[in-house]
Amino acid sequence: MEEKRINAQKKAPIYEALQYFRQMRVVPFDVPGHKRGRGNPELTEFLGEKCVGIDVNSMKPLDNLCHPVSVIHEAEILAAEAFGAAHAFLMVGGTTSSVQSMVLSNCKRGDKIILPRNVHRSVINALVLCGAVPVYINPDIDQRLGISLGMKREQVARAIAENPDAVAVLVNNPTYYGVCSDLKAIVDMAHEAGMVCLADEAHGTHFYFGENMPVSAMAAGADMAAVSMHKSGGSLTQSSMLLTGPDISEGHVRQIINLTQTTSGSYLLMSSLDISRRNLALRGRQIFRKVTEMADYAREEINAIGGYYAFGKELINGDSVYDFDPTKLSVHTRDIGLAGIEVYDILRDEYDIQIEFGDIGNILAYLSIGDRSQEVERLVSALAEIHRRYKTDGSGLLSQEYIDPEVVMSPQDAFYAKKKSVPIQESAGYVCSEFVMCYPPGIPILAPGERITPEILAYIEYAKEKGCLMTGPEDSEILNLNVLI
């Protein structure tokens, strides 16, 4: 049976169809207008003839993403088998599109959804679109690291008991920093209450293919999961998977996806999903074993430098940190007197090392299938040198990454309400009508419908001073905020 499954996973139907299509030398009188690159020689020189040659439109031999019946349909079946899902949808709008389709498939205006506040903005964007009402669980904070943790079982049970009319519970699996909640217990609690359980697995692709990983959403019995294949899975940026369990209607989800996703699905993105799924299904265990070994080695070496704290499984406490993603190389920097974003900037500007993000107190170096040990050594050496050159007193640094919000109204009502623009320093006490966040990681500091407080304003000003990339507001310089009148 296992041999049969492995043989099936050797197929890549979209990739194979594109290879055959390339050999056919079809004369194109359809879009895209560059006509296999001939009309845009500079683009062809930059990307290569092979790449632009398969940047084609939907047609019968290549299927249609909006209504797949042949090669895309086959690719989805193989992906579902690889991920242990009832169905898998190939997504070309990023995991933002997957998350929003997941929420929109289960929530309508006025419905309650239970979720942690430290979600990606795509989740709250979905609430703006559909009008669902968030019931936030404010996660515990690790006081040393200043990061938000997972949802406690008791917190979820209380939220369900206090909101029996809620329709869904959403869980981060894992957080950006690698923290996992007790997903199986939360799934069981949601189902016992007649609610669906949704998982944002933007950073958990490897849970499905590695060994000794935290439980994946599908293995835990979740109803839907948004999986960012381009992050740790190796596919092209903007490609993603949306997975569903057996009790979710495939046809309904397809209808929801088609409300917002492009009708011109990129075959570059779809073929990258197809090839990457095959790669992980056949070689994922050995790939992620190596990634975990590199991350473990890096944690040990970085902690030996002194001052830094590369945290890992020692954070596990059986509840708010039920498990930890061993591939995440998250490093606390405040004890060397530098904010994470300052270390991020130094690594890029002085050592030509680009890490995933730096925030107020931590950095994240994202290790995945393309990393090699020599680059890890280079990162460790650079951090050691930064410690030697820049270590200072960190007593004046802000410590906490997460501030509990005061929610006044739903994101949709606030986003579309009458508003006015006020100078940010005069906005305390008002209700915000837009987003403010550092990106990455894209977790809102403020979301529509939340009260602006002096503490939040101090955090925003501090993050700007330290060099965080602030995004979200209509005013790109973030000198003014839109607030409710």
Side-chain angles (χ1 to χ4, degrees), residues 65 75-76 79-80 82-83 85 87-107 113 115-116 118-130 168 170-180 183 197-209 214 216-218 222-245 248 253-254 256-262 265-266 268-274 276-277 280 325 327-328 356-357 364 366 368-369 435 437 439-444 471-472:
L65 184 59
E76 289 184 341
F83 283 90
H87 193 80
F89 298 87
L90 273 57
M91 305 293 289
V92 296
T95 306
T96 289
S97 179
S98 297
V99 166
Q100 292 180 348
S101 296
M102 183 168 69
V103 174
L104 295 174
S105 294
N106 293 282
C107 301
I113 176 171
L115 68 164
N118 60 320
V119 290
H120 189 263
R121 72 166 294 176
S122 59
V123 178
I124 303 177
N125 282 350
L127 305 186
V128 170
L129 292 173
C130 71
L170 186 140
V171 188
N172 293 322
N173 195 50
T175 68
Y176 223 140
Y177 299 101
V179 175
C180 297
L183 183 57
C197 187
L198 313 175
D200 180 349
E201 289 191 308
H203 300 280
T205 303
H206 46 291
F207 289 3
Y208 290 88
F209 303 100
S216 69
M218 290 296 103
D223 296 283
M224 298 183 75
V227 180
S228 195
M229 277 286 279
H230 72 88
K231 288 187 171 69
S232 61
S235 63
L236 292 179
T237 296
Q238 204 174 305
S239 58
S240 179
M241 292 280 187
L242 179 58
L243 310 177
T244 62
I248 299 295
V253 174
R254 181 83 67 192
I256 296 295
I257 290 170
N258 287 341
L259 289 176
T260 57
Q261 185 163 255
T262 178
S266 166
L268 295 172
L269 298 181
M270 286 188 283
S271 60
S272 83
L273 284 170
D274 201 22
S276 299
R277 179 270 314 154
L280 296 183
D325 176 2
T327 72
K328 288 290 184 292
E356 175 66 11
F357 79 83
L364 173 65
Y366 213 103
S368 61
I369 68 175
F435 291 93
M437 73 204 80
Y439 195 89
I443 299 167
T471 66

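Basis for what follows: all heavy atoms, side chains included, without hydrogens, waters or symmetry-related copies. Position 1 is the first residue of the sequence, and the numbers go up from there.
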Seminar exercise, completed: Sequence neighbours excluded, the answer for side chain to side chain contact (heavy atoms under 4.5 Å, CB included) partners of Gln238 is Leu269
Problem set entry | Partners passing side chain to side chain donor-acceptor pair (under 3.5 Å) against Ser239 (at least two apart in sequence or in another chain) | Ser235
Problem set entry | With Gln100 via side chain to side chain donor-acceptor pair (under 3.5 Å) - residues at least two apart | none
Problem set entry | Contacts of Asp200 that satisfy salt bridge (charged side-chain N to carboxylate O under 4.0 Å, His left out) - sequence neighbours left out | none
For this session: Only counting residues at least two apart or in another chain, list the ones meeting side chain to side chain contact (heavy atoms under 4.5 Å, CB included) with Met91.
Result: Phe89, Ser97, Ser98, Ser101, Ser240, Leu242, Ile257, Gln261
Exercise. Just how far is it from atom CD1 of Ile248 to atom CG of Leu243, taken to the nearest 0.5 Å?
Worked result: 12.0 Å
Seminar exercise, completed: Heavy-atom nearest pair, Leu65 first then Gly265, reads CD2-CA, 4.1 Å
Using residues 226-233 as the side-chain source, report each donor-acceptor pair under 3.5 Å to any protein atom, sequence neighbours left out, with the distance given to one decimal.
| unit_1 | atom_1 | unit_2 | atom_2 | d |
| --- | --- | --- | --- | --- |
| Ser228 | OG | Thr95 | OG1 | 2.9 |
| Ser228 | OG | His230 | NE2 | 3.2 |
| Ser228 | OG | Lys231 | NZ | 3.1 |
| Ser232 | OG | His206 | ND1 | 2.9 |

Exercise. Who passes side chain to side chain donor-acceptor pair (under 3.5 Å) against Asn172, sequence neighbours left out?
Worked result: none
For this session: To the nearest 0.5 angstrom, please state how far the CG atom of Asn106 sits from the CD1 atom of Ile113.
Result: 8.0 Å
Exercise. Do you know which two heavy atoms are closest between Met437 and Gly472, and how far apart they sit?
Worked result: CE-CA, 4.3 Å
Exercise. Side-chain contact, heavy-atom cut-off 4.5 Å: Leu259 with Ile256?
Worked result: yes
For this session: Sequence neighbours left out, what passes side chain to side chain contact (heavy atoms under 4.5 Å, CB included) with Ala199? Give chain and number order.
Result: Glu201, Ala217, Ala225
For this session: Sequence neighbours left out, what passes ring-ring contact (aromatic ring centres under 6.0 Å, His included) with Tyr366? Give chain and number order.
Result: His203
Exercise. Is there a side-chain contact between Ile443 and Thr175, using heavy atoms and a 4.5 Å cut-off?
Worked result: no
Seminar exercise, completed: Rounded to the nearest 0.5 Å, the CG atom of Asp325 sits from the CG atom of Asn173 at a distance of 9.0 Å
Exercise. Just how far is it from atom CG of Leu129 to atom OG of Ser122, taken to the nearest 0.5 Å?
Worked result: 10.5 Å
Problem set entry | Contacts of Ser368 that satisfy side chain to side chain donor-acceptor pair (under 3.5 Å) - sequence neighbours left out | none
Problem set entry | Asp223 side-chain N/O to Cys197 backbone N/O, donor-acceptor pair under 3.5 Å | yes
Seminar exercise, completed: Of all heavy-atom pairs linking Pro444 and Ile124, the shortest is CG-CD1, 3.9 Å
For this session: Not counting sequence neighbours, which residues clear ring-ring contact (aromatic ring centres under 6.0 Å, His included) with Phe83? List them please.
Result: Tyr208, Phe209
Problem set entry | Minimum heavy-atom distance between Ala126 and Leu104, given as atom pair plus value | O-CD2, 3.9 Å
Problem set entry | Test side chain to side chain contact (heavy atoms under 4.5 Å, CB included) applied to Leu268 - qualifying residues, sequence neighbours left out | Cys51, Ile54, Asp55, Leu236, Ser266
Problem set entry | Test side-chain contact (heavy atoms from CB on, under 4.5 Å) applied to Phe435 and Thr471, step by step | CA-CA 8 Å; Phe435 291 93; Thr471 66; over 6 Å; no
